[in-house]
Student: 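Pasting a structure here, questions to come.
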Amino acid sequence: MEEIRFNLERIVGKKVLVFGDLMVDEYLQGSASRISPEAPVPVVHVQKVIQRLGGAGNVVLNLRALGAEVGVVSCIGNDKNGDWIADTLRNYQVDTAGILKSDSRITSVKTRVTAQNQQLLRYDREKVSEVGAEFTAFLQRSISQFMLGCCVVIISDYGKGVVTTQNVQLLIHEAKKRNLPVIVDPKGTDYKKYGGASVCTPNMKELQSAVGEELYTEDEIARAAKQLCQNCGIDNILATRSEKGMSFIYGDKGEKLDFPAVSKEVLDVTGAGDTVIS
């Protein structure tokens, strides 16, 4: 336990650059005691509205909680929700110089409606599309400034369009020039997009989708992760495995190191991947 505490404390004061999709997680909390006369659905009397940073923003908050200095690179909408994200990050003393507000984007908002601590509905307000040349040019002009003083780069891909292949490769190229490790929380099945990354952190479902097969044994997991690394130019894989913990697979030799989980009663696994990469 002392060794874990020591390793965690080493991040205090170190600067981390986070690149990824920023969004708002919104919670409408209330009570439901009757069914609507208009349709067979519960009527929720909303008593509280909570907004939190979501997506890559959750990674940022985890890093700040560990004591790291954080800079963020992303593209958000030039709208009310985008303003809220930028203001909230600044309140956490996060460097927001790398955030571009664009009139062509809509800031993603995921709204959950809950009653009696039970989620009844989630609805998303967003437009998923790749960022355009404006953001890539912004990145090319300023990436050296954003990486100044950083010790590691984290890429948090939520598939909303910021983390394009071109932008990822630009960041990885610049990081490798500075001998900075790059850790990726991936999305989708094309891991060539992350070629050059130091570590990718898929969960088991994502790993199986990326290699196109079901993985049943420990040997199969190690073999598949090694093959994925070699095919896509990734150094290592850290596979998160729910109640089984995590497995780290070296991409060059396929050696697998297992880190078992300590069983706890968990009510909600949302954000687990963000916590792991942080």
Side-chain angles (χ1 to χ4, degrees), residues 18 20-67 70 72 74-94 96 99 101 105-129 156-162 185 187 201-206 240-246 261-278:
V18 176
D21 301 290
L22 294 169
M23 61 191 75
V24 179
D25 281 338
E26 184 177 64
Y27 299 84
L28 307 184
Q29 298 179 346
S31 59
S33 58
R34 65 189 182 93
I35 300 298
S36 170
E38 302 164 1
V41 294
V43 175
V44 178
H45 176 216
V46 176
Q47 297 157 327
K48 184 185 293 186
V49 178
I50 299 173
Q51 284 188 312
R52 294 174 181 162
L53 291 170
N58 194 37
V59 178
V60 171
L61 293 189
N62 287 336
L63 290 165
R64 289 295 293 136
L66 290 170
V70 185
V72 181
S74 189
C75 185
I76 56 179
N78 188 19
D79 49 34
K80 180 179 69 174
N81 291 308
D83 291 341
W84 181 88
I85 286 176
D87 290 343
T88 302
L89 286 168
R90 282 191 286 267
N91 288 339
Y92 280 97
Q93 288 79 54
V94 173
T96 59
I99 296 179
K101 292 182 179 179
R105 291 192 68 78
I106 298 172
T107 303
S108 295
V109 181
K110 297 182 178 181
T111 301
R112 289 106 171 149
V113 181
T114 65
Q116 285 86 28
N117 295 318
Q118 176 70 42
Q119 187 175 148
L120 303 179
L121 172 71
R122 193 187 98 182
Y123 60 92
D124 298 351
R125 287 166 285 170
E126 61 185 7
K127 179 183 178 182
V128 178
S129 61
S156 179
D157 191 353
Y158 270 78
K160 304 303 180 184
V162 172
D185 189 358
K187 193 75 171 180
T201 65
N203 59 37
M204 281 304 299
K205 182 179 179 182
E206 290 169 335
T240 58
R241 306 180 60 188
S242 301
E243 73 281 356
K244 292 183 179 179
M246 298 183 288
V262 178
S263 296
K264 296 285 186 182
E265 184 178 356
V266 179
L267 296 178
D268 188 355
V269 299
T270 303
D274 296 334
T275 303
V276 167
I277 202 168
S278 301

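The model shown is predicted, which means the values in this text are computed figures rather than measured ones. One-based numbering along the sequence shown.
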Student: What closest approach, in Å, do Gly20 and Val162 show between heavy atoms, and which atom pair accounts for it?
Tutor: O-CG1, 3.9 Å

Student: Evaluate whether atom CG of Asp87 has more than 12 neighbouring non-hydrogen atoms of other residues, nucleotides or ligands under 6.0 angstrom away.
Tutor: yes

Student: Ignoring hydrogens, what is the shortest heavy-atom contact between Ile35 and Val43? Give both atom names and the distance.
Tutor: C-CG2, 4.1 Å

Student: Identify which one of Leu121, Thr114, Ile50, Val49 satisfies the side chain to side chain contact (heavy atoms under 4.5 Å, CB included) criterion when paired with Leu28.
Tutor: Val49

Student: If you round to the nearest 0.5 Å, how far is CG of Asn81 from CE of Met23?
Tutor: 12.5 Å

Student: To the nearest 0.5 angstrom, please state how far the CG atom of Leu53 sits from the CH2 atom of Trp84.
Tutor: 4.5 Å

Student: Search all heavy atoms of Ser31 against all heavy atoms of Gln47 and return the closest pair with its distance.
Tutor: OG-NE2, 3.6 Å

Student: Quick check for you: to the nearest 0.5 Å, what is the distance between Arg52 atom CZ and Leu61 atom CG?
Tutor: 10.0 Å

Student: Taking the side chain as everything from C-beta on, heavy atoms only, tell me whether Leu22 gets closer than 4.5 Å to Leu89.
Tutor: yes

Student: Ignoring hydrogens and geometry, is there a side-chain-to-backbone donor-acceptor pair from Asp21 to Tyr158 under 3.5 Å?
Tutor: yes

Student: I'd like to know if the side chain of Gln93 reaches the main chain of Asn91, judged simply by a donor and an acceptor atom lying under 3.5 Å from each other, with no hydrogens or angles considered.
Tutor: yes

Student: What is the distance from atom NZ of Lys48 to atom OH of Tyr27, rounded to the nearest 0.5 Å?
Tutor: 13.0 Å

Student: Counting N and O atoms only, with roles assigned by atom type, does the side chain of Ser74 sit under 3.5 Å from a partner on the main chain of Ile99, one being a donor and the other an acceptor?
Tutor: no

Student: At their closest point, which heavy atom of Leu120 faces which heavy atom of Ala115, and how far apart are they?
Tutor: CD1-CB, 3.9 Å

Student: How long is the gap from CZ on Arg90 to CD1 on Ile85, to the nearest 0.5 Å?
Tutor: 11.5 Å

Student: Is there side-chain contact between Val60 and Tyr92, with at least one heavy-atom pair below 4.5 Å?
Tutor: no

Student: For Arg112 and Asp25, run salt bridge (charged side-chain N to carboxylate O under 4.0 Å, His left out): C-alpha distance rounded to whole Å, both residues' side-chain angles, the deciding distance at 0.1 Å, then the answer.
Tutor: CA-CA 8 Å; Arg112 289 106 171 149; Asp25 281 338; 2.9 Å; yes

Student: Would you compute the distance between atom NE2 of His45 and atom CZ of Arg34 and round it to the nearest 0.5 angstrom?
Tutor: 10.5 Å

Student: Check whether Glu206 reaches the backbone of Asn203 with its side chain - one donor and one acceptor, N or O, closer than 3.5 Å.
Tutor: yes

Student: Can you list, pair by pair, the side-chain donor-acceptor contacts under 3.5 Å of residues 122-129, counting residues two or more places apart and other chains?
Tutor:
| residue | atom | partner | partner atom | Å |
| --- | --- | --- | --- | --- |
| Arg122 | NE | Asp124 | OD1 | 3.0 |
| Arg122 | NH2 | Asp124 | OD1 | 3.4 |
| Arg122 | NH2 | Asp124 | OD2 | 2.7 |
| Arg125 | NH2 | Glu26 | OE1 | 2.8 |
| Arg125 | NH2 | Thr111 | OG1 | 2.9 |
| Glu126 | OE1 | Ser108 | OG | 3.0 |
| Glu126 | OE1 | Lys160 | NZ | 3.2 |
| Glu126 | OE2 | Lys160 | NZ | 2.9 |

Student: So which heavy atom on Thr201 is nearest to which on Asp185, and how close?
Tutor: OG1-CA, 3.5 Å

Student: Quick one: closest heavy-atom pair of Lys101 and Ala86, and the distance?
Tutor: CE-CB, 4.1 Å

